[in-house]
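Sequence positions, counted from 1, serve as the residue numbers for this chain.
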Amino acid sequence: ANADERADFDLWHADAPSSNEAVSNILMLLDRYEMRAYAEGLVRAYHDDATAALGRVISRDTNHAAQQLYALLDSLEHRSG
C-alpha cells in the first residue's frame, strides 16, 4: 500500500469511516490487497464473541430489553457493504 492508502487505513482504525465514500474507499482497498475475507472473518469473530457473551449474561427471552439487545445483534449480523 502506498502512503495515502496507509493513511486511509490508519484513519479507519482510529475512527469509524463517516461517509459512504470513505467506506467504499476502505472496501476497495481491502479488495485490492485481498484483505476483505480476513476483515470479514474478524467481524464475524467479534460478532460471535459478543453474542456468546450476551448469552452468558442474559437469555434472549428474559425481558424486552434483552430482546432488543439480541435484535440489535441480529441486525448487525446481516449488514453488508
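In this structure, Ala66 and Ser59 approach most closely via the heavy-atom pair CB-O, 3.5 Å. Here the shortest heavy-atom pairing between Asp31 and Arg36 reads OD1-NE, 2.8 Å.
Using modelled atom types, one side-chain atom of His47 and one backbone atom of Leu73 make a donor-acceptor pair closer than 3.5 Å.
From Glu21, atom CD reaches atom CE of Met28 across 10.0 Å, with rounding to the nearest 0.5 Å. Annotation: the span from Asp4 atom CG to Asn25 atom CG amounts to 10.0 Å, rounded to 0.5 Å. To the nearest 0.5 Å, the span separating CG on Asp49 from CG on Leu54 amounts to 12.5 Å.
Considering only residues two or more places apart in sequence or on other chains, Asp48 meets the side chain to side chain contact (heavy atoms under 4.5 Å, CB included) condition with Arg44. Tyr38 meets the side chain to side chain contact (heavy atoms under 4.5 Å, CB included) test with Met35, Leu42; sequence neighbours excluded. In this structure Thr51 satisfies the side-chain hydrogen bond (donor to acceptor under 3.5 Å, both in side chains) test with no other residue, sequence neighbours excluded. Every residue was checked against the side chain to side chain contact (heavy atoms under 4.5 Å, CB included) condition with Ser24, not counting sequence neighbours, and none meets it. Partners of Tyr33 under the side-chain hydrogen bond (donor to acceptor under 3.5 Å, both in side chains) rule, at least two apart in sequence or in another chain, are Glu5.
Side-chain atoms of Asn63 and Ile58, non-hydrogen and from C-beta on, do get closer than 4.5 Å to each other.
Ile26 and Tyr46 end up in the same hydrophobic cluster when Ile, Leu, Val, Met, Phe, Trp and Tyr side chains are linked at under 4.5 Å.
Within the structure, salt bridge (charged side-chain N to carboxylate O under 4.0 Å, His left out) pairs that include any residue of residues 51-61 comprise Arg60-Asp74 (at least two apart or interchain).
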